[in-house]
2 protein chains.
Amino acid sequence: MLAVIEPISRQSGGARLRQHEVAERIKQYILQNRLRPGDALPTEAELCAAVGASRSSVREAIKTLTALDIVEVRHGHGTYVGRLSLTALVESLAFRGLLSRADDFRVLAELVEVRQTIEQGLAPSIVAALDDSLRTGLGEIADQMAELAARGETFVEQDRRFHLLLMEPLGNELVTQLTAAFWDVHAIVAPTMHTTPESVQETVQAHRAIVEAAAAGDADRLSAAIAAHYVPVRRHLQEGPEVSGPDAEEATA
Amino acid sequence: MLAVIEPISRQSGGARLRQHEVAERIKQYILQNRLRPGDALPTEAELCAAVGASRSSVREAIKTLTALDIVEVRHGHGTYVGRLSLTALVESLAFRGLLSRADDFRVLAELVEVRQTIEQGLAPSIVAALDDSLRTGLGEIADQMAELAARGETFVEQDRRFHLLLMEPLGNELVTQLTAAFWDVHAIVAPTMHTTPESVQETVQAHRAIVEAAAAGDADRLSAAIAAHYVPVRRHLQEGPEVSGPDAEEATA
DNA sequence: GCCAATTTGTACGTATGTATA
DNA sequence: CTATACATACGTACAAATTGG
């Protein structure tokens with residue numbers, strides 16, 4: 001079972017780091033055995049014996065792969081193939097945004113441009129893949145937003161689900177995950193962004209317009225509605241960093 | 001200097017892992033001291049003393065942050081703030097692609113759809129930001145491609161530079177980095193993709209058409225040229241996995 | 001609920017490789 | 001070339017979490 005992993009030759013050409021070699025071996029092991037997310041990996045002790053490295057090196061290699069969600073470790077249970085999510089992208093981009101947040105929101109502005117480009121560009125595909133359940137689903141979320149806004153409450157989770165539901169019928173898992181990732185980054189870097197009463201109403205109306213355009217099956221109208229949706233977001237980002245979010249301690253958690 | 005980092009209280013609410021706490025402290029240290037990529041971080045020994053953790057925990061935390069390019073370690077020199085690149089996204093997506101490659105190219109097909117959506121969606125902005133140096137730059141790369149193709153050689157690096165140069169004038173660093181990242185993922189998962197003589201010629205012509213459309217300042221024509229550019233790519237992906245690339249050992253390196 | 005086995009997490013000491021002065 | 005500072009690797013011991021009897 002572990003025969004596929006061969007010990008590392010000390011003098012193997014490139015004098016690279018031990019942990020890198022080990023990480024490569026583990027990736028190869030997953031690929032060659034065609035493992036899937038959730039499948040069990042050898043224990044640390046077995047890996048040490050298999051690749052001929054110390055436990056420290058094996059653990060540091062595992063740490064790297066864990067950060068990329070290639071492997072997943074459960075304390076006291078074992079090591080498994082990870083879900084290969086985009087958590088690494090979220091953490092990396094979020095930290096970049098937090099670093100530049102004090103100066104300006106350039107990173108976030110760029111992110112919004114990417115989000116808008118993707119959503120508008122996929123508008124034709126969205127109307128083509130339209131579905132009754134999707135129509136009603138989007139409508140319900142928009143209704144919930146209006147309700148919550150009327151009560152003076154926020155609707156961050158509804159907003160996230162709305163944009164994910166919009167992308168879901170495309171059947172493109174990467175698009176869905178990128179949408180979620182970008183939304184999460186935005187939420188981490190500027191969580192309390194549009195909370196003024198006016199922009200809340202503006203946002204509710206924008207989502208309504210998107211629902212109606214999608215229901216009408218008009219791609220151009222949908223594209224325009226999406227563009228309008230991001231107008232208040234862009235405006236807040238240009239107003240400067242004084243809107244601010246929580247302190248660094250909580251933001252990175 | 002290190003006073004900002006406070007020791008970790010054992011009983012601080014969530015009974016989380018040591019290394020996670022340490023990683024958070026390091027991130028906070030970077031944020032609170034407003035460090036920039038390349039700035040020096042305390043040595044491992046100093047970090048140990050500052051957060052009250054052992055070398056093992058500190059090193060594992062650093063490993064996690066290194067994978068996200070939040071910190072960068074130079075052997076025998078020290079630890080520094082990382083460049084915050086998208087290497088983590090590349091590694092993660094590339095491995096996902098390699099995992100599914102044996103079965104199909106679904107992941108890669110999804111990636112191409114995202115690339116095409118972004119490039120087409122930004123076509124209007126590109127023609128708006130057009131520049132003489134950009135025009136000539138794109139033209140030169142296209143010429144090089146044609147030359148190399150005539151000699152029966154490949155032009156992977158030219159292809160990469162072409163698409164990066166196309167995005168550069170937008171001034172959106174995230175778009176540029178995402179373009180590079182997606183291209184790299186594609187190159188890792190399917191490096192020897194379009195090498196049949198016909199598709200090579202097709203690709204050369206496609207890039208020519210993009211240059212001409214951009215030079216003409218016609219956004220719709222540019223969008224169409226980009227769409228045409230991806231047609232042969234999509235075709236190869238649909239043809240199935242038998243085109244194959246290198247074995248797993250080299251692919252993950 | 002308790003105990004024991006397995007597995008990962010943390011700590012510490014030591015030696016080695018690497019870069020700088 | 002020597003000395004110093006630092007990261008890397010190895011090994012051992014123990015703590016914490018999970019599972020099963």
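A quick note: this is a predicted structure, and the numbers were derived from the prediction, not measured. A, B, ... follow the sequence lines: proteins, then strands. Residue 1 opens every chain.
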From CA spacing to verdict: side-chain contact (heavy atoms from CB on, under 4.5 Å), A/Asp159, A/His207: CA-CA 9 Å; A/Asp159 188 51; A/His207 284 88; 2.8 Å; yes
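Across the protein-nucleic acid pair, A/Glu72 atom CD and D/dA17 atom C1' stand 15 Å apart, rounded to whole Å. If you measure from atom CD of A/Glu60 to atom P of C/dT10, you get 13 Å, rounded to the nearest angstrom. Rounded to an integer number of Å, the gap from A/Arg59 CZ to C/dC12 C1' is 15 Å. Look at CZ on B/Arg55: it is 14 Å from P on C/dA15, rounded to the nearest Å. The distance from atom CD of A/Glu21 to atom P of C/dG17 is 16 Å, rounded to the nearest whole Å. A straight line from CD1 of B/Ile62 to C1' of D/dA9 spans 15 Å, rounded to a whole angstrom. Straight-line distance from the NZ atom of B/Lys63 to the P atom of D/dA9: 8 Å, rounded to whole Å. Distance NE2 (A/His77) to C1' (D/dA17): 11 Å, rounded to an integer number of Å.
Mapping B/Val58 and B/Gly76 onto DNA chain C by nearest heavy atom places B/Val58 at the nucleotide closer to the 5' end.
Comparing D/dA7, C/dT10, D/dA9 against the side chain of B/Ser57 picks out C/dT10 as the nearest. Listed candidates were D/dT8, C/dA11, D/dC10. Nearest to the side chain of A/Leu17 is D/dT8. Nearest to the side chain of A/Thr43, among C/dA11, D/dG11, C/dT8, sits C/dT8.
Contact of A/Arg18 with C/dG17 (side chain to base): no donor-acceptor pair of N or O atoms is detected under 3.5 Å. Interface remark: the A/His75 side chain does form a donor-acceptor pair with the C/dT8 base, using a distance-only criterion of under 3.5 Å. No hydrogens or angles were tested; on distance alone, a donor-acceptor pair under 3.5 Å links the side chain of B/Ser56 to the base of C/dA11.
Checking the phosphate oxygens (OP1, OP2) of D/dA7, a side-chain nitrogen or oxygen of B/Thr79 falls inside 4.0 Å. A sub-4.0 Å separation between OP1 or OP2 of C/dG9 and a side-chain N or O of B/Gln19 is absent.
Closest approach of A/Ala88 to A/Ala67, counting heavy atoms only: CB-O, 3.5 Å.
Applying the salt bridge (Lys or Arg N to Asp or Glu O under 4.0 Å) criterion to B/Asp184, with sequence neighbours excluded, gives B/Arg160.
In summary, of the residues considered (B/Ile62, B/Leu68, B/Asp69, B/Ile70), a side chain to side chain contact (heavy atoms under 4.5 Å, CB included) with B/Thr66 occurs for B/Ile62 alone.
Under 4.0 Å is where a charged nitrogen must lie from a carboxylate oxygen, and between A/Asp39 and A/Arg34 no such pair does.
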